[in-house]
Amino acid sequence: MAAAAAAGAAVDVQARFGHSVKGLLTEKVTSCGTDVIALTKQVLKGSRSAEFLGQAARNMVMQEDAILHSEDSLRKMAIITTHLQYQQEAIQKNVEQSSNLRDQLRHLLK
């Protein structure tokens, strides 16, 4: 009978051990699944970050082109402004000369 009791106790210990191993295994599988999900989210986030960086680089290139174009336009406008100033000065001189000529003609015609 003692052998039967010992055998029953051994079966009981094995059953408890089996349940605790199954519980630990289930816990570990759940933990690994959670870790895989977290890793997947990080990879996707990294992928989106790379996409955002690529888009930012493309936008930067477009902005650089726009800045270079604006710089070129400003340089051309500065040249045009200088030419317009020369023309204004020439017109002003011509107006002064025409006023002087008009005055001289009036004086001669009197």
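Along the sequence shown, residues are numbered consecutively beginning with 1.
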Validation: residues 60-72 side-chain donor-acceptor distances under 3.5 Å, sequence neighbours left out:
{"unit_1": "S70", "atom_1": "OG", "unit_2": "A66", "atom_2": "O", "d": "2.9"}
{"unit_1": "D72", "atom_1": "OD2", "unit_2": "K76", "atom_2": "NZ", "d": "3.4"}

Below 3.5 Å, can you tabulate the donor-acceptor pairs from side chains in residues 25-35 to any protein atom, sequence neighbours excluded?
{"unit_1": "T26", "atom_1": "OG1", "unit_2": "K22", "atom_2": "O", "d": "2.8"}
{"unit_1": "T30", "atom_1": "OG1", "unit_2": "T26", "atom_2": "O", "d": "2.8"}
{"unit_1": "T34", "atom_1": "OG1", "unit_2": "T30", "atom_2": "O", "d": "2.9"}

Hey, could you give me the CG/CG distance between L108 and L101, rounded to the nearest 0.5 Å?
10.5 Å
Nearest 0.5 Å, please: how far is CG in L39 from CD in Q42?
8.0 Å
Supply the atom-to-atom distance L105 CG to H107 NE2, rounded to the nearest 0.5 angstrom.
11.5 Å
Approximate separation, where rounding is to 0.5 Å, of R58 CZ and L53 CG
10.5 Å
Can you sort out the partners of K93 under side-chain contact (heavy atoms from CB on, under 4.5 Å), two or more places apart, ordered by chain and number?
none
Euclidean distance, I80 CD1 relative to Q87 CD, rounded to 0.5 Å
10.5 Å
I37 side chain reached by K41 side chain, heavy atoms, under 4.5 Å
yes
Within this structure, what is the CD-CD distance for the pair Q97 and Q104, rounded to the nearest 0.5 Å?
10.5 Å
